[in-house]
Amino acid sequence: MTDSHNYQVGMIGLGTMGCNLVLNMNNSGYRVAGYDKDPLKIDVLNKLATNDSLKAFAGIADFVSSLQTPRIIMLLVPAGKVVDYVINDLIPLLQPGDIIVDCGNSHFTDTAIRVETLSKLKFHFVGIGISGGETGARYGPSIMPGGDKEVYPVLSPILQSIAARVNEQPCTAYMGNGAAGHYVKMVHNGIEYALMQLISETYHLLKKSGSLNNTQLHQVFDQWNKSRLQAYLIEITAAIFLQKDENGKDFLLDNILDTAHQKGTGAWMSQDAMTIQSPIPSIDASVSQRMLSALKKERIEAADIDNINNEKTSDIHSESLENLVEEALHAAFIICYTQGMAMLQQGSLYYKFDIPIKDVASIWRGGCIIRAAMLEDIMQAYEKEE
């Protein structure tokens, strides 16, 4: 079988996410070509190929010529200038009507510029947010496509076949015009920041004030995950408490440095919320807390000065404390999702994205990092308003 015009989808960027997404598409019945500048990543994918429906190419020209027309070329490369470098390499090799799909965490403003620029060259450009990490990419993520509605029917069957499913419904839907897909993913990540901060503060309260050990904390979070707080982040938090270190002796959590950095999407959301005048105090605070946590040296010095490490245990009975914290966490989760959904509505109006908010709640029910039982209630609430 010749490689010429044989493959239905192409992927540039064969790192963990890109490789797993390629394998997902191939397992779903699509003939997929891959390309990466790193020869090692090309070798890895070719060794994973079990037949000629999957192949990684060493040259970008051969990669492009192997694709059916109109070509569908997905990118999973670092956001920013790298995306533009790849697009510039592709343009001389493409023909009008070809489709470029950015599956990375690009800033929505960059996506908007690329949509307009490539449209003038007669190419289609689509920005897609993907959530679920490497496991989601391999077995079913939540997929948030936006942009050129003319080509969405071409992409939709592929996206639906590889997305996570809830009640037999694929966790993907058209998110709106222009850069809507990456805008929705930005908001998703901002909500994720806030939920993680809330879980961290909950852990701190129960450990320091309630004097719960890791085994007890596991039991509390595991029970919460079987209740109205059921969520992926609660589930993995429960598991983390029992994780031992590489020696199998100590709990891993007790040896992790209490610092974190933010990769950008949380700050992007806070910045844009100011622009469109959508209040998101919980998400703003979580971004600030990440930045504060990175100031480890300063925090140690401040703790010594103020003697704030001498925290007192609570006088409240541990079971009562757990119940109070659970109620507070549940309410705070609702507030975080509410702030995110409200910003999506405001952003949709401001940028004329026409984002279907109910569909956002629907596709976030599975595959993505912020999936939670309460999203079912949120989706049904939007359905009642229609």
Side-chain angles (χ1 to χ4, degrees), residues 9-13 18 35 60 64 67 69-131 143-156 158-159 172-190 263-265 267-278 343-357 359-360:
V9 190
M11 173 67 74
I12 295 180
Y35 168 73
I60 191 169
V64 171
L67 298 171
T69 56
R71 300 176 181 91
I72 300 173
I73 300 177
M74 296 183 175
L75 314 182
L76 254 171
V77 299
K81 292 183 178 180
V82 175
V83 177
D84 293 315
Y85 294 152
V86 173
I87 291 172
N88 289 336
D89 287 343
L90 281 173
I91 285 175
L93 305 173
L94 302 182
Q95 62 188 42
D98 286 347
I99 305 164
I100 301 174
V101 183
D102 180 9
C103 299
N105 270 335
S106 291
H107 195 296
F108 76 95
T109 56
D110 292 339
T111 301
I113 293 170
R114 291 166 187 147
V115 168
E116 183 176 355
T117 301
L118 290 169
S119 177
K120 293 176 181 177
L121 298 174
K122 308 300 181 183
F123 301 129
H124 301 286
F125 186 82
V126 177
I128 292 182
I130 296 180
S131 177
I143 307 176
M144 299 153 252
D148 195 335
K149 200 166 187 177
E150 180 183 341
V151 297
Y152 179 67
V154 178
L155 298 174
S156 180
I158 301 172
L159 303 181
T172 183
Y174 180 68
M175 294 286 96
N177 307 314
H182 280 142
Y183 194 87
V184 172
K185 178 63 191 310
M186 176 189 73
V187 172
H188 167 284
N189 286 10
K263 294 182 178 180
T265 49
W268 294 346
M269 185 174 175
S270 290
Q271 290 162 359
D272 191 64
M274 294 294 180
T275 299
I276 67 173
Q277 300 185 52
S278 180
M343 181 166 170
L344 283 177
Q345 289 182 308
Q346 181 69 5
S348 182
L349 292 171
Y350 189 92
Y351 297 110
K352 298 180 173 58
F353 285 146
D354 196 22
I355 297 172
I357 308 299
D359 290 344
V360 175

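In this text the structure is predicted, and so the values were computed from the model without any measurement. Just the heavy atoms: all of them, side chains too, but no hydrogens, waters or symmetry mates, feed the values below.
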Under the 3.5 angstrom rule, does the side chain of Tyr351 hit a backbone N or O of Gln346 as a donor-acceptor pair? no
Mind checking whether Phe123 and Ile91 have side chains closer than 4.5 Å, heavy atoms only? yes
For the NZ atom of Lys120 and the NZ atom of Lys122, what is their distance to the nearest 0.5 Å? 11.0 Å
With side-chain contact (heavy atoms from CB on, under 4.5 Å) as the test, would you mind laying out the steps for Leu75 and Ile87 before giving the verdict? CA-CA 9 Å; Leu75 314 182; Ile87 291 172; 4.2 Å; yes
Step by step, would you call Val187 with Val360 a side-chain contact (heavy atoms from CB on, under 4.5 Å)? CA-CA 11 Å; Val187 172; Val360 175; over 6 Å; no
Working to the nearest 0.5 Å, report the span between CG of Asp148 and CD1 of Ile99. 8.0 Å
Residue pairs involving residues 76-87 (criterion salt bridge (charged side-chain N to carboxylate O under 4.0 Å, His left out); sequence neighbours excluded): Asp84-Arg114
For the backbone of Ile357 and the side chain of Gln345, can you confirm whether one donor and one acceptor N or O come within less than 3.5 Å of each other? no
Distance (rounded to the nearest 0.5 Å) between Ser131 OG and Asn189 CG: 6.5 Å
Might you work through the side-chain contact (heavy atoms from CB on, under 4.5 Å) test for Thr275 and Tyr350, ending with a clear yes or no? CA-CA 10 Å; Thr275 299; Tyr350 189 92; 3.8 Å; yes
Side-chain donor or acceptor of Asp98 paired with backbone N/O of Arg71 under 3.5 Å: yes
Under a plain distance cut-off of 3.5 Å, with no hydrogens placed, do Lys185 and Asn105 share a side-chain donor-acceptor pair? yes
What's the shortest heavy-atom distance between Gly146 and Val126, and which atoms? O-CG1, 3.0 Å
Tell me whether the rings of Tyr183 and Phe108 are parallel (<30°), tilted (30 to 60°) or perpendicular (>60°). perpendicular
Would you say that Ile72 contacts Ile158 through its side chain, given a criterion of any heavy-atom pair below 4.5 Å between the two side chains? yes
Just by modelled atom types, is the Asn177 backbone N or O under 3.5 Å from a matching donor or acceptor in the Asp354 side chain? no
Counting only heavy atoms from other residues, nucleotides and ligands, does the tally under 6.0 Å from CD of Glu116 exceed 12? no
Heavy atoms only: give me the nearest Gly176-Ala180 pair and the separation to one decimal. C-CB, 3.5 Å
Quick check: closest heavy atoms across Asp89 and Pro92, and the distance to 0.1 Å? O-CD, 3.5 Å
Got a second to check how far Tyr174's OH is from Leu155's CG, nearest 0.5 Å? 11.0 Å
Quick one: does any side-chain atom of Thr117 pair with a main-chain N or O of Ile113 as donor and acceptor, under 3.5 Å? yes
If the test is side chain to side chain donor-acceptor pair (under 3.5 Å), which one of Asp102, Asp110, Thr109 qualifies with Ser106? Asp102
Side-chain donor/acceptor of His182 to backbone N/O of Met144, under 3.5 Å: no
I need the Ile60 CD1 to Ile12 CD1 distance, nearest 0.5 Å. 4.5 Å
For residues Thr172 and Pro145, report the shortest heavy-atom separation together with the two atoms involved. OG1-CD, 3.6 Å
Determine yes or no for a side-chain-to-main-chain donor-acceptor pair under 3.5 angstrom, with Thr111 supplying the side chain and Ala179 the backbone. no
Enter the distance from Phe125:CZ to Leu118:CG here, rounded to the nearest 0.5 Å. 6.5 Å
Which heavy-atom pair separates Met343 from Met186 by the least distance, and what is that distance? CE-CE, 4.2 Å
